[in-house]
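Heads up: the structure comes next, in structure tokens.
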Amino acid sequence: MTLYTTAMTRMRAIAAGTPNDQLTLQQQTAIGNVVADSGLDSQRFNAIADAVAASPHLRARVALQRARASAGTARP
């Protein structure tokens, strides 16, 4: 889950302030590179994204990991 959370944090930073349907080609490419560099293949990344979207428990885990990373207390 940490690989996913880290990638999502980077993706959100790239897309900050831009509606999803208005991302520039440069932003889309950068986001694709984040997924490629995440250590997860795109199918696995998308499967995790779908599971997180469907599960309040997983969303809470992702939020906790992001909070810990922001506070400098990240754990695996």
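Side-chain atoms are counted along with the backbone in the values below, which use heavy atoms only and exclude waters and symmetry mates.
By the criterion of side-chain heavy atoms lying less than 4.5 angstrom apart, applied directly or through intervening Ile, Leu, Val, Met, Phe, Trp or Tyr residues, Leu3 is grouped together with Leu58 in one hydrophobic cluster.
Taking CG of Leu40 as the reference point, atom CE of Met1 lies at 10.5 Å (rounded to 0.5 Å).
The ring-ring contact (aromatic ring centres under 6.0 Å, His included) pairs that include a residue from residues 24-54 are Tyr4-Phe45, where partners are two or more places apart or lie in different chains.
With sequence neighbours left out, Thr24 forms a side chain to side chain donor-acceptor pair (under 3.5 Å) with Gln27.
Crowding of Arg44 atom CZ: a count of heavy atoms from other residues, nucleotides or ligands under 6.0 Å not exceeding 12.
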Pairs of donor and acceptor atoms involving the side chains of residues 6-15, under 3.5 Å and at least two apart or interchain, shall be tabulated with distances.
residue: Thr6; atom: OG1; partner: Thr2; partner atom: O; Å: 2.9
residue: Thr9; atom: OG1; partner: Thr5; partner atom: O; Å: 2.9

